[in-house]
Amino acid sequence: LEESLGKSIAQIKENIETNLLEDAARCLYNMDNRFGGNYGTPQRALATLAVVLDNENSDKYIDWVLFSPGEGGSYTKQGMASGLINLVYRDGIGFESSPGYNFGWVGNFVQVAEILLRRGVNVYEEYPRMKSMFDVPIAIVLNDNFTPNIGDSGNVLAKGKVGWAASTYETAFRRYGDPKYAKVLYQLGSYGQDIFKDSIKHQVEDVIKKEGTKIEYRSDNLSGYGLALLRGGKSSDPLSVSLYYGKGGGHDHWARLNME
């Protein structure tokens, strides 16, 4: 590489850091609209760049990731800490109506939170609403089988549990130890795939031995988000109905007052 480029490894490294990584970080930090994405992706990208670069600008990049007010009202450029207060309802779900889009935030937030731990920032402890974001994809499941089809999520077949990702709930179980996260992992048949961490398989199996695999559901009303859930029937033959009555943010497609 040195011979073909006529540069030393140090020069090549400096070129990559300055003209690729630092330039990308500046674009995100300055919000110049050369980069964009769904909420959580710009924050994840800049957090990663800040840790990789580890230079005199890293602290201000991390501050942006957490506390950016956004530009011109653009919520996608609002910081994660600000977003947990301003963009996530008290139930722990974002304002985008569609569970698919909202639960995408969870995956991004998890990755940002894990990155920030390397900089001494513990989002899990400092922001209690973070845990609620893990709880909601579980709490709104109907008949222990599917997520309500709200807005852009799902289809008329009403099949599958949106937001149930093994990598997400592996981290959730590691950080909070909540038994229901272990049950999610067991039902998914996966304990996460992080090769850089010790397996949690035995801890998950210990929970299952003590508490079983079933997640207990009850009737509920997520009044912040606007979703009423009525549950009944027998455990072997559950009956459920949901009614979405929320504000209807992005991706709702006139789904309000829809019943399933």
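Quantities reported herein were computed from a predicted structural model and do not represent experimental measurements. All heavy atoms count here, side chains included; hydrogens, waters and symmetry mates do not.
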(request) Starting from the C-alpha separation in whole Å, work towards a yes-or-no answer on side chain to side chain contact (heavy atoms under 4.5 Å, CB included) for I200 and F173. (result) CA-CA 9 Å; I200 59 171; F173 184 64; 3.9 Å; yes

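- For the residue pair E114 and T171, the shortest heavy atom distance occurs at OE2-CG2, 3.3 Å.
- A donor and an acceptor atom, one from each side chain of E96 and N38, are nowhere located under 3.5 Å apart.
- Both L117 and W64 belong to a common hydrophobic cluster when Ile, Leu, Val, Met, Phe, Trp and Tyr are linked at side-chain heavy-atom distances under 4.5 angstrom.
- Atom-to-atom distance recorded for F95:CZ and K247:NZ is 8.5 Å, nearest 0.5 angstrom.
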(request) Walk me through it: do I215 and V184 pass the test side chain to side chain contact (heavy atoms under 4.5 Å, CB included)? (result) CA-CA 8 Å; I215 296 173; V184 168; 4.0 Å; yes

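- Using a 3.5 Å distance cut-off with no hydrogens or angles, the side chains of Y245 and N221 do pair a donor with an acceptor.
- Criterion: ILVMFWY side-chain heavy atoms under 4.5 Å apart, direct or through other members. Under it, L222 and Y244 are part of a common hydrophobic cluster.
- Heavy-atom minimum distance, Q78 versus Q43: O-NE2, 2.7 Å.
- Taking CZ from R118 and CG from D54, the interatomic distance works out to 11.0 Å, rounded to the nearest 0.5 Å.
- Residues G40 and V112 come closest through the heavy atom pair O-CG2, 4.4 Å.
- The two atoms that bring Y127 and A81 nearest to each other are OH-CB, 3.3 Å, heavy atoms only.
- How far CD1 of I150 is from CG of L243: 9.5 Å, rounded to the nearest 0.5 Å.
- The line from CD1 of I93 to CG of D135 is 12.0 Å long, rounded to the nearest 0.5 Å.
- Shown here for A182 and V204, the closest heavy-atom pair between the two residues is O-CG1, 3.5 Å.
- No more than 12 heavy atoms of other residues, nucleotides or ligands shown are found within 6.0 angstrom of CD on E14.
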(message) One pair to check against side-chain hydrogen bond (donor to acceptor under 3.5 Å, both in side chains): S240 and N143. What are the steps and the verdict?
(response) CA-CA 6 Å; S240 304; N143 288 7; 2.7 Å; yes

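- For the atom pair NZ of K161 and CZ of F103, the computed distance is 13.0 Å after rounding to the nearest 0.5 Å.
- When all heavy atoms are compared, the tightest approach of I62 to A50 is CD1-CB, 3.8 Å.
- Residues L84 and M133 form a side-chain contact, since some pair of their non-hydrogen atoms from C-beta on lies under 4.5 Å apart.
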(message) One pair to check against side chain to side chain contact (heavy atoms under 4.5 Å, CB included): R175 and F134. What are the steps and the verdict?
(response) CA-CA 11 Å; R175 299 304 174 198; F134 292 111; over 6 Å; no

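- Between atom CH2 of residue W105 and atom CG of residue L87 there is a gap of 5.0 Å, rounded to the nearest 0.5 Å.
- Here E205 does not pair with K209 in a salt bridge; the nearest charged N to carboxylate O distance is not below 4.0 Å.
- Looking at P148 and L142, their side chains come closer than 4.5 Å, going by heavy atoms from C-beta outward.
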(request) Apply the test side chain to side chain contact (heavy atoms under 4.5 Å, CB included) to residues N57 and K60: give CA-CA distance (whole Å), side-chain angles for both, the deciding distance (0.1 Å), then the verdict. (result) CA-CA 6 Å; N57 294 321; K60 73 176 184 180; 3.6 Å; yes

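- With 3.5 Å as the limit, one finds a donor-acceptor pair spanning the side chains of S223 and R90.
- Classification of the Y176-Y124 ring pair by plane angle, with boundaries at 30° and 60°, yields perpendicular.
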(request) For D59 and R119, run salt bridge (Lys or Arg N to Asp or Glu O under 4.0 Å): C-alpha distance rounded to whole Å, both residues' side-chain angles, the deciding distance at 0.1 Å, then the answer. (result) CA-CA 9 Å; D59 284 344; R119 302 288 296 189; 2.6 Å; yes

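- By the rule that hydrophobic residues join a cluster once side-chain heavy atoms approach within less than 4.5 Å of another member, V123 and I115 end up as members of separate clusters.
- A tilted orientation is assigned to the rings of Y39 and Y75, their planes being inclined by 30° to 60°.
- Using a cut-off of 4.0 Å between Lys/Arg side-chain N and Asp/Glu carboxylate O, D23 and R26 are scored as salt-bridged.
- Residue-environment remark: CG (D198) stays at or below the threshold of 12 foreign heavy atoms within 6.0 Å.
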(request) Applying side-chain hydrogen bond (donor to acceptor under 3.5 Å, both in side chains), run through N55 and E22 and close with a yes or a no. (result) CA-CA 10 Å; N55 62 17; E22 188 68 53; 2.7 Å; yes

